[in-house]
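Let me begin by presenting the structure, written as structure tokens, before commenting on it.
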Amino acid sequence: MSGPPEEPDGTGPVVVDREAGLRMYDDFLAAHPEVPRRDDVDVVCWGDNPAYADEILGLIVGGAKRATATLAAGYLASSDPFPPLGAYWVCCDGSGRPRAVLRTTELRLGPFHSVDPQFARDEGEGDRTLQTWLDGHRAAYERQCARLGIEFSEDLEVCFERFTLVWPPDLAD
């Protein structure tokens with residue numbers, strides 16, 4: 001999962017503790033036997049540096065962030081599938097430690113320009129306005145497109161995803 005826009009700072013990517021993430025997922029499953037086990041659960045963090053991962057995790061555990069948007073070309077370039085509706089995934093902090101289990105509740109594939117004010121608000125970043133969302137994501141997607149060797153266009157497809165926080169219980173929606 002690529003997550004929201006990357007912010008370069010030169011400190012390098014976060015290495016997630018996948019084993020600890022899977023243990024957190026197992027704890028969630030033990031408390032929710034009605035949830036079927038999936039062996040392909042992702043253990044991820046946002047961005048490409050620890051500070052950004054911690055910032056975004058803070059928005060998630062604080063309740064402000066319940067959406068993310070990923071350039072579809074990023075999924076295609078890495079041969080990663082789009083997230084399945086209803087998937088559970090583990091989100092880690094900037095040190096790579098698991099902190100929350102999330103569940104994808106809504107997916108929409110659409111052009112960049114189709115984002116609406118409510119989605120921008122639900123993404124929870126900055127001042128949560130549509131204009132701030134457009135400016136920040138345009139800049140990040142332009143950088144990503146340059147790395148992918150494609151030209152940015154507001155017609156490029158974006159995977160708009162909403163999620164809920166389901167674990168740990170004291171933070172769950």
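Computation of the quantities below employed the complete heavy-atom set of this structure, encompassing side-chain atoms and omitting hydrogens, waters and symmetry-equivalent molecules. All figures in this text were calculated on a predicted structure; none of them were measured in a lab.
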Compute whether any side-chain donor of one residue and acceptor of the other, for Glu161 and Thr104, lie under 3.5 angstrom apart. yes
Between Arg37 and Asp26, what is the shortest heavy-atom contact and its length? NH2-OD1, 2.6 Å
Calculate, to the nearest 0.5 Å, the distance between atoms OG1 and CD belonging to Thr70 and Glu157 respectively. 13.0 Å
Show, in sequence, the C-alpha distance, side-chain angles and deciding distance for Asp127 and Thr132, and conclude whether the side chain to side chain donor-acceptor pair (under 3.5 Å) test is met. CA-CA 7 Å; Asp127 65 4; Thr132 297; 2.7 Å; yes
Side chain proximity check, Ile60 to Leu165, heavy atoms < 4.5 angstrom: yes
Lys65 side chain to Glu123 backbone, donor-acceptor under 3.5 Å: yes
Donor-acceptor pair, side chain of Asp54 and main chain of Gly94, under 3.5 angstrom: yes
Quick check: is Leu107 connected to Phe112 through a chain of hydrophobic side chains (ILVMFWY, heavy atoms under 4.5 Å apart)? no
Between atom CG of Leu76 and atom CG of Leu148, what is the distance when rounded to the nearest 0.5 Å? 9.5 Å
Arg162 atom CZ, neighbour heavy-atom count above 12 within 6.0 Å: yes
Classify the ring geometry of Tyr88 against Phe28: parallel below 30°, tilted from 30° to 60°, perpendicular beyond 60°. tilted
Can you tell if the side chain of Asp122 reaches within under 4.5 Å of the side chain of Phe119, non-hydrogen atoms only? no
Any Asp17 side-chain heavy atom under 4.5 Å of Arg97 side chain: no
Supply the atom-to-atom distance Thr68 OG1 to His137 NE2, rounded to the nearest 0.5 angstrom. 6.5 Å
For Arg138, does its backbone N or O pair with a side-chain atom of Arg143 as donor and acceptor, under 3.5 Å? no
Do Leu171 and Trp89 sit in the same hydrophobic cluster, where Ile, Leu, Val, Met, Phe, Trp and Tyr count as joined when their side-chain heavy atoms come under 4.5 Å apart? yes
Heavy-atom side-chain proximity of Val43 to Leu22 below 4.5 angstrom: yes
Are the side chains of Leu134 and Val115 in touch, meaning some heavy atoms are under 4.5 Å apart? yes
Provide the closest heavy-atom pair for Ala53 versus Val14 in the form atom of the first, atom of the second, distance. CB-CG2, 4.2 Å
In terms of heavy-atom contacts, Arg128 and Gly124 come closest through NE-CA, 3.6 Å
Would you say Trp167 ends up clustered with Leu57 if hydrophobic residues are merged whenever their side chains have heavy atoms under 4.5 Å apart, either directly or through other cluster members? no
Would you say Phe163 and Arg103 make side-chain contact, with heavy atoms under 4.5 Å? no
Please find the pair of heavy atoms, one from Pro98 and one from Val90, that lie closest to each other, and give the distance. CB-CG1, 3.6 Å
Does atom CD of Gln118 have more than 12 heavy-atom neighbours, drawn from other residues, nucleotides or ligands, at distances under 6.0 Å? yes
Would you check if there is a donor-acceptor pair between the side chains of Trp133 and Glu125 at a distance under 3.5 Å? no
Could you report the tightest heavy-atom contact between Ala30 and Pro33, atom names first, then the distance? O-CD, 4.0 Å
Hey, are the side chains of Cys145 and Leu156 touching, using non-hydrogen atoms and a 4.5 Å cut-off? yes
Report yes or no: does Asp42 contribute a side-chain atom to a donor-acceptor pair with the main-chain N or O of Val44 at less than 3.5 Å? no
Cation-pi check for Phe160 against Arg108: NZ or CZ below 6.0 Å from the six-membered ring centre and within 45 degrees of the axis, yes or no? yes
Might you point out which heavy atoms bring Leu29 and Pro36 nearest each other, and give the distance in Å? CD2-O, 4.4 Å
When rounded to the nearest 0.5 Å, the distance separating OG1 of Thr164 from CZ of Arg66 is 7.5 Å
Going only through I, L, V, M, F, W and Y residues with side-chain contacts under 4.5 Å, is there a path from Leu130 to Val158? yes
Would you say Met24 ends up clustered with Leu102 if hydrophobic residues are merged whenever their side chains have heavy atoms under 4.5 Å apart, either directly or through other cluster members? no
Quick check: do Cys159 and Tyr75 have side-chain heavy atoms less than 4.5 Å from each other? yes
